[in-house]
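For clarity, every value in this text was computed on a predicted model and none was experimentally measured.
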Amino acid sequence: QVQLVESGGGLVQPGGSLRLSCAASGSIFSINVMDWYRQAPGKQRELVAVITSGGKTTYADSVKGRFTISRDNGKNTVYLYMNSLKPEDTAVYYCHADVRRIGSSFNWSYWGQGTQVTVSS
């Protein structure tokens, strides 16, 4: 079994910054892609950022130039650095990972529990 635990959410003023963390643990052989989604009130779930095991990144147009995704493979952790935050960034943020489990020949998909980010003055 694999668990993804998120942290770092909270309340921040417009223009401020937050760092989200997501740590994977359990019966992990390797982790392929890791990514972040968000779900704003009354809105469709949105893919925010993706990072491969080799460090290649992809961002949604709405966050390009403001957010940065990174990972620490030694800690099985992915980060989302959120800068120049706007009220429109308010959402529950979920991390996701494709994980090769010990004893398995294919990847499994896992989700974090979600962390609330609120951007308001």
I would like to know whether N32 and V99 meet side chain to side chain contact (heavy atoms under 4.5 Å, CB included); could you show each step before the answer?
-> CA-CA 6 Å; N32 190 9; V99 178; over 6 Å; no

S62 versus E46, side-chain donor and acceptor atoms under 3.5 Å |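 Present: a donor and an acceptor within the cut-off.
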
Side-chain donor-acceptor contact under 3.5 Å, T90 with E88 |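 Per modelled atom types, T90 and E88 side chains form no pair under 3.5 Å.
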
Evaluate the criterion side chain to side chain contact (heavy atoms under 4.5 Å, CB included) for residue pair V119 and M82; output intermediate values, then yes/no.
-> CA-CA 11 Å; V119 184; M82 310 167 70; over 6 Å; no

Enumerate the residue pairs fulfilling side-chain hydrogen bond (donor to acceptor under 3.5 Å, both in side chains) with a member in residues 13-24, sequence neighbours excluded, ordered by first and then second residue.
->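 Qualifying pairs: S17-N83.
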
Main chain of [Y], side chain of [X]: is a donor-acceptor contact present, judged purely on distance under 3.5 Å?
| X | Y | answer |
| --- | --- | --- |
| Y79 | T68 | no |
| R71 | T52 | yes |
| E6 | C95 | yes |
| T115 | Y93 | no |

Give the intermediate values and the outcome of side chain to side chain contact (heavy atoms under 4.5 Å, CB included) for residues D89 and R66.
-> CA-CA 11 Å; D89 297 316; R66 299 189 299 117; 2.8 Å; yes

W36 and L20: CA distance, side-chain angles, deciding distance, side chain to side chain contact (heavy atoms under 4.5 Å, CB included) verdict | CA-CA 10 Å; W36 289 93; L20 305 183; 3.7 Å; yes

Can you name the nearest heavy-atom pair linking [X] to [Y], along with the distance?
| X | Y | answer |
| --- | --- | --- |
| S121 | P14 | N-CD, 3.7 Å |
| D72 | G74 | OD1-N, 3.0 Å |
| N76 | M34 | O-CE, 4.3 Å |

Per side-chain contact (heavy atoms from CB on, under 4.5 Å), Y59 is matched among V48, I69, I51 by I69

What pairs of residues pass the salt bridge (Lys or Arg N to Asp or Glu O under 4.0 Å) test when at least one of them lies in residues 94-103, not counting sequence neighbours?
->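 As it turns out, there is no salt bridge (Lys or Arg N to Asp or Glu O under 4.0 Å) pair with a partner in residues 94-103 once direct neighbours are skipped.
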
Ring centres of W108 and Y110 under 6.0 Å apart?
->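 For W108 and Y110, the ring centres are not under 6.0 Å apart.
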
Could you walk me through whether D61 and K64 pass the salt bridge (charged side-chain N to carboxylate O under 4.0 Å, His left out) test, one step at a time?
-> CA-CA 5 Å; D61 289 341; K64 285 181 180 176; 3.0 Å; yes

For L47, which fellow cluster members are found when Ile, Leu, Val, Met, Phe, Trp and Tyr are connected by side-chain heavy-atom distances below 4.5 angstrom, either directly or through intermediates?
->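 L47 shares its hydrophobic cluster with V33, Y37, V50, V92, Y94, W111.
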
